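Lettering of chains follows the sequences in order, A, B, ..., and the numbering in each one begins at 1. All values below were derived from every heavy atom in this structure, side-chain atoms included, with hydrogens, water molecules and symmetry-related copies excluded. The structure displayed is predicted, hence computed values, not measured ones.
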Amino acid sequence: MDKTYSPTDIEERIYRHWEQAGLFAPNGAGPCFCIVIPPPNVTGTLHMGHAFQDTIMDALTRFHRMAGDRTLWQPGMDHAGIATQMVVERQLNAEGQSRHELGRDRFVERVWHWKEQSGGTIARQMRRLGASVDWSRDRFTMDPGMSSAVQEAFVRLHEDGLVYRGKRLVNWDPVLKTALSDLEVLSVEEDGHLWHINYPLADGSGQLTVATTRPETMLGDTAVAVHPEDERFRQLIGRRISLPLSGREIPVIADAYVDPAFGSGCVKITPAHDFNDYEIGQRHGLPLINILTADAAIGDAAPERYRGLDRFEARKRVVADLEAAGLLAQIEAHRLMIPRGDRSGAVVEPWLTDQWYVRIEPLAIPAVRAVEEGRIRFVPGNWDRTYFEWMRNIKDWCISRQLWWGHRIPAWYGPDGAVYVGRSEDEIRARHGIAPGVALIQDEDELDTWFSSALWPFSTMGWPEDTREFRSFYPTSVLVTGFDIIFFWVARMIMMGLKFTGDVPFREVYVHGLIRDNEGQKMSKSKGNVLDPLDVVDGITLDALVAKRTSGLMQPKLAPAIAKATRKQYPQGIAAYGTDALRFTFAALATQSRDLRFDLGRVEGYRNFCNKLWNASRYVLLATDGDADQGSGTLSLADRWIRSRLDAAILAVRDGFSQYRFDLAAQAVYEFTWYEFCDWYLEFSKPVLQSADSTADELRGTRRTLIVVLEALLRLLHPLMPFITEEIWLRVGPRAGSTGDSIMRQPYPAAEPGAADPRLAAEMRWVMDFILGIRRIRGELDIAPSLRLSVLLQNASDEDLAHLARNAASIRRLAGIAEARALAAGETAPQAAAALL
RNA sequence: GGGUGCUUAGCUCAGUUGGUAGAGCGUCGCCCUUACAAGGCGAAGGUCGCAGGUUCGAGACCUGCAGCACCCACCA
C-alpha cells in the first residue's frame, strides 16, 4: 500500500469494477428491501442536497445488501416540465429564437436532445459518488412505459369521477402563461399601497369610499360589499353605485366576509380577479368581468382607454385618472402578501380559465388514515403533524399546464365541444362510436410534472402491468426525502399509491434536513455560494471555482462580489478530498436538525480519518505479513478488550442505521476506529509483537485480533465509505479468511452474543488510567518522552499489584517508564510528582 | 391568524426511558517515538436562553417568558 491515502487513484477504478461485476442488482433470497430514488430533474446537475440524499440512500442500500436482503435501489430522472422547458427556452432565446417560432414538435425534439446530454451528466455524478443503483432498471418519467402509466392513472381517475374539467379562477403565471397549482405559488410580503377611492352613488345622493391594493381591477368590479351589521352603511345596502372610469352601475351588497375595521369598511368586489371576490360573487350571483389577457394586460372587457396596457401601467393610469376626477381620497403605505410563481417569480393573477382538476378529498381521507394507523411512519415522527395539517385542509389540485414539455392530457374534443377521455383516439372512437370522419382534437395541455411523480414508486415497477418487480418490491421500504417536498410529492404519492395499488407506496418516510452553506444560508446560484459535490471530491482551482460561480448569473452585476467572497473563503481553491470523505461528512451531518451546515473543515477532518484508517491498515498488514490462519492463539487483555469494543461499536452503528441516525452511526465508528483501535489497541499490540519474550501463541492471538478486527471494521464502515473500505478489504479480507471478490457482498458485522466481561473492562480501565496518569505528569512537567521514568505505587491494593504484574510490559511501553514497583511497608516516598489512580 | 422547530465549549452540533456535561473544527504547550505531521502526547474552555415547578436528583419532564428560524393561510 502507498504510504499516503490518495482517493482519486482508487475510486473510479473500484466503481467500474462493481458495475461490471453486476454487484448493484438485487441478489439472493432474503427479504426484499427497496428504495426508489427521488428522481432528480434531468435538466440540472446534482447539487449538495442530492449528494447528501444519495449518500444516505446508498448507505442504507449497502447496509441492507450486506445484511442479506434482496436489495434494489431504483434509479431514474424526472422530466420536470416547467423547469426543463424554461432552461431550453432560455437557450433558444440566447440564440435569438423563441419556442413559438420553432413550433411545438421541433421544440419538444430539442428538449429531448438536451435531456440526453444533461441526463448523462447526472448519471456520471452519481457514479462518482458511489451510488449503487441498479442501472439496468434506470427510468425516465417520459419513457413509453412511464407515460402509459400516467395516461392510465388519468383515465381511471376520470372514470371514477376524481378528475374533472372546470372553468374557475386559477393561479395564472402571466410570464410562463400557464396555470399553476396552489403549491407553486409563493406569497411574499412586499411594500405596496392602500388606495382609498370614492365611489359615487348612482343617484348622486352621496358616495362610498372603498380601499384597495389593486385599483386597476376596479375596471372589473361588479359590486361593492359592506358588512351586514355595519351601521355606517346599512342604509346603503341595495343602492346602486356608478362605477368611476367605467360608468357601469353596480350594486352595494352585504356580506359577512367584510371586516368593518379594515380599510374603509367597504370592499370593491371583482369576482373575476380575486379568489375571495369570486366566492362572494358566487354567493350573490354577481357577473364576472374578465378584464385581463393571458399576459396580464388589460383586455377588451375594459374601457378602451386602458386596453393593451400592462396591469402595472394600467394601475398608474387608473390612479392618475381617479386623482384627476377628484375621486382619490387617500393613499396609504401598506405591507401586503404578493403571490409569485415559484419558477418565474412573476406576480400570479387569479384568472378565469378552463383547467383539469383532481378531486382530492376522496383521495386524502385514506391517505390520512394510512399515517394515523401507522401503515406509514414518518421519521422523525413529528413530520406527521405537518402532513396532517396540510392534508386536512387540502384543496382540489389543478393538474393541467399550458406547456409543451410533459405528458399530454389524454382528452379529446369533438366538433360539438364534447370532451372524451381515454387511452387513445382509437379507443375513444370505438367506445363512443365516433365515425372516422368526425374530427377529434386532443387537448393541447400537459399534466403537472408532479402528477407523474406521484406514481413513481409503482410506475417504475411496471404498473399497471403485474410485474415480478412490482410484486417483489412494492410497497417500497423507505422514502428518503427533504421536508420541502412533503406536500408536492410525499402526500401525493401516498394518495395515488393507495388509490391505484390499494397499498401504501412506502412503509417509512425518512425526512432529512436541508444542506446549507457554512453560514446557514441556502445554497443558490444568485448567492454565489453553491458547491458542486464533485468539486469537493476531485478538487478545483480557485480560478475555476470563481469562473463557475460567476458565469451564467441571472444578475451579472453580482459577479464581482461573488468572486471576492469566493476568493476570500477558498484562497487555495478546494483540495481533492475524495468521495469517501464527502460521504462520511454527509453522514455525520445527518442529525435530526432541519438545517445542516456544510463545512469544508469537516470534510478535511474526515479525509484525515480516511488517512488514519489507511495507515492503520498498513500497520496491520505489515504486522500480520506471513501469518497464516491457524486458530486464534492466546488472547491478551487488550485483544479481548478490543474485540468487545468492536462489538459495542457494531451495536451502536447498527442501531444508528435502524433509526436513521447516520450521525450517531458515523460518530460511533469514528470513535471506535480512532480512539480505541488506533490510539490504544494498535499501541498495545506493539509490545507483544516486538518483544522477544512473546510466545508463538501470544503472537498469533494478537495478529489474529489485528486482522479480524480490522476486517470487521472495514465491513462496518463500508456503507458510509465504500471505496477506501473496498480497496483495503481486497488485501485484508483474504488474510482474515474471507473469500469473495468484493466487500459489497460480504455479511454486515454482527455483535457476538456473549455479554461484555465487566472484569475485563475494569482491568483495562485500570491499565489505561495508569498510563494516562504518567502521561499527564510528563505533559505538565514538560518531561521529554525519551526520559524513562520510575514509578512507585503507594497504598496499592492486591488487585492493583495483580493488574500491574499482568500488564507490566504494556505499561512500560505506553507510559514510557523504566520500572514500576510498590512502596514497601514503612518505606517513605521520595519527592515525586503524583497521580491518583 | 394557525402550525412546527430551535436556543448546550470561540464556531458547528450530539446528548434515545431524568443519575456527577461530549465530539469535530479552532486555541495553547511538548514531540518528526519506524502505521500515520492529513500525525502523537498533554492542556485550557460550558451557572446547558431566562424564571418558576415536579423530583433525593433536571441539559433532559411540566408551566410561563424572551429571542431566532421555517411552513401554511383569502383581510380588501
Student: Taking only Lys NZ, Arg NE, NH1 and NH2, and the carboxylate oxygens of Asp or Glu, determine whether A:R335 and A:D191 approach each other closer than 4.0 Å.
Tutor: yes
Student: Heavy atoms under 4.0 Å, any strand shown: does A:V210 hit a base, just sugar-phosphate, or nothing?
Tutor: nothing
Student: Distance under 6.0 Å and angle within 45° of the ring axis: does A:K686 meet both against A:Y619?
Tutor: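 Judged by the rule (NZ or CZ under 6.0 Å from the ring centre, within 45° of its axis), A:K686 counts as positioned above A:Y619.
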Student: When you measure from the side chain of A:E389, which nucleotide among B:A43, B:C13, B:G3 comes out closest?
Tutor: B:G3
Student: For a quick test of reading the model: is some side-chain N or O of A:W674 closer than 4.0 Å to OP1 or OP2 of B:G40?
Tutor: yes
Student: So, is A:R597 near the phosphate of B:U12, with a side-chain N or O under 4.0 Å from OP1 or OP2?
Tutor: yes
Student: Rounded to whole angstroms, how far apart are CD1 on A:I280 and C1' on B:A76?
Tutor: 9 Å
Student: May I ask you to say whether A:R232 pairs ionically with A:D230, meaning some side-chain N is under 4.0 Å from a carboxylate O?
Tutor: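 A:D230 and A:R232: salt-bridged.
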Student: Can A:R340 and A:E190 be counted as an ion pair, charged N to O under 4.0 angstrom?
Tutor: yes
Student: Can you tell me how far apart CG (A:D580) and CD1 (A:I724) are? Round to the nearest 0.5 Å.
Tutor: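 Nearest 0.5 Å value for the CG-CD1 distance: 6.0 Å.
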Student: Identify whether any heavy atom of A:W195 sits under 4.0 Å from a base atom; if not, whether one sits that close to sugar-phosphate; answer base, sugar-phosphate or nothing.
Tutor: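 Since no nucleic acid heavy atom lies under 4.0 Å of A:W195, the category is nothing.
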Student: Answer with base, sugar-phosphate or nothing: what part of the nucleic acid does A:D599 contact at a heavy-atom distance below 4.0 Å?
Tutor: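 Here A:D599 touches no strand at all.
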Student: Would one find a side-chain N or O of A:R661 under 4.0 angstrom from OP1 or OP2 of B:U16?
Tutor: no
Student: Let me have RNA chain B in dot-bracket notation, would you? Count Watson-Crick plus G-U wobble pairs, both distances under 3.5 Å, and use [ ] for pairs crossing earlier ones and | for inter-strand partners.
Tutor: (((((((..((((.....[..)))).(((((.......))))).....(((((..]....))))))))))))....
Student: So, is A:K686 near the phosphate of B:A35, with a side-chain N or O under 4.0 Å from OP1 or OP2?
Tutor: yes
Student: Under 4.0 Å between a side-chain N/O of A:K612 and OP1 or OP2 of B:G39, yes or no?
Tutor: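 No, A:K612 has no side-chain N/O under 4.0 Å of OP1/OP2 on B:G39.
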Student: Considering only B:U12, B:A76, B:G15, which nucleotide approaches the side chain of A:D259 most closely?
Tutor: B:A76
Student: Within the pair A:R778 and B:C41, is there a side-chain N or O less than 4.0 Å away from OP1 or OP2?
Tutor: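 False: A:R778 side-chain N/O out of range (4.0 Å or more) of B:C41 OP1/OP2.
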Student: With a cut-off of less than 4.0 Å, is there a side-chain N or O of A:R594 near OP1 or OP2 of B:G5?
Tutor: no
Student: How long is the line joining CG of A:D595 and P of B:U4, in whole Å?
Tutor: 18 Å
Student: Assign each of A:T591 and A:H334 to its nearest nucleotide of RNA chain B by heavy atoms, then name whichever residue's nucleotide is nearer the 5' end.
Tutor: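 Its nucleotide being nearer the 5' end, the pick is A:T591.
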Student: Tell me what A:D655 touches on the nucleic acid: a base, only sugar-phosphate, or nothing, going by heavy atoms under 4.0 Å.
Tutor: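 Nothing, no nucleic acid heavy atom in range.
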Student: For a quick check of understanding: with a heavy-atom distance under 4.0 Å over all strands, which category does A:F262 fall into, base, sugar-phosphate or nothing?
Tutor: base
Student: Which sits closer to the 5' end of RNA chain B, A:L772 or A:K268, going by the nucleotide each is nearest to?
Tutor: A:L772
Student: For A:N608 and B:C36, is the shortest distance between a side-chain N/O and OP1 or OP2 below 4.0 Å?
Tutor: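 Checking A:N608 against B:C36: no side-chain N or O falls below 4.0 Å of OP1 or OP2.
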Student: Rounded to the nearest angstrom, tell me the gap between atom CD1 in A:I774 and atom C1' in B:C41.
Tutor: 14 Å
Student: Atom CD1 of A:I783 to atom P of B:U33: distance rounded to whole Å?
Tutor: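 The distance from CD1 of A:I783 to P of B:U33 comes to 19 Å, rounded to the nearest Å.
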Student: Measure the distance from CG on A:L781 to P on B:C31 and round it to the nearest whole Å.
Tutor: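 Those two atoms, CG and P, are 15 Å apart.
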Student: Taking the six-membered ring for Trp, are the ring centroids of A:Y670 and A:Y606 within less than 6.0 Å of each other?
Tutor: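 Centroid separation for A:Y670 and A:Y606: below 6.0 Å.
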Student: Using a cut-off of strictly less than 4.0 Å, decide whether A:R385 has a side-chain nitrogen or oxygen near OP1 or OP2 of B:G3.
Tutor: no
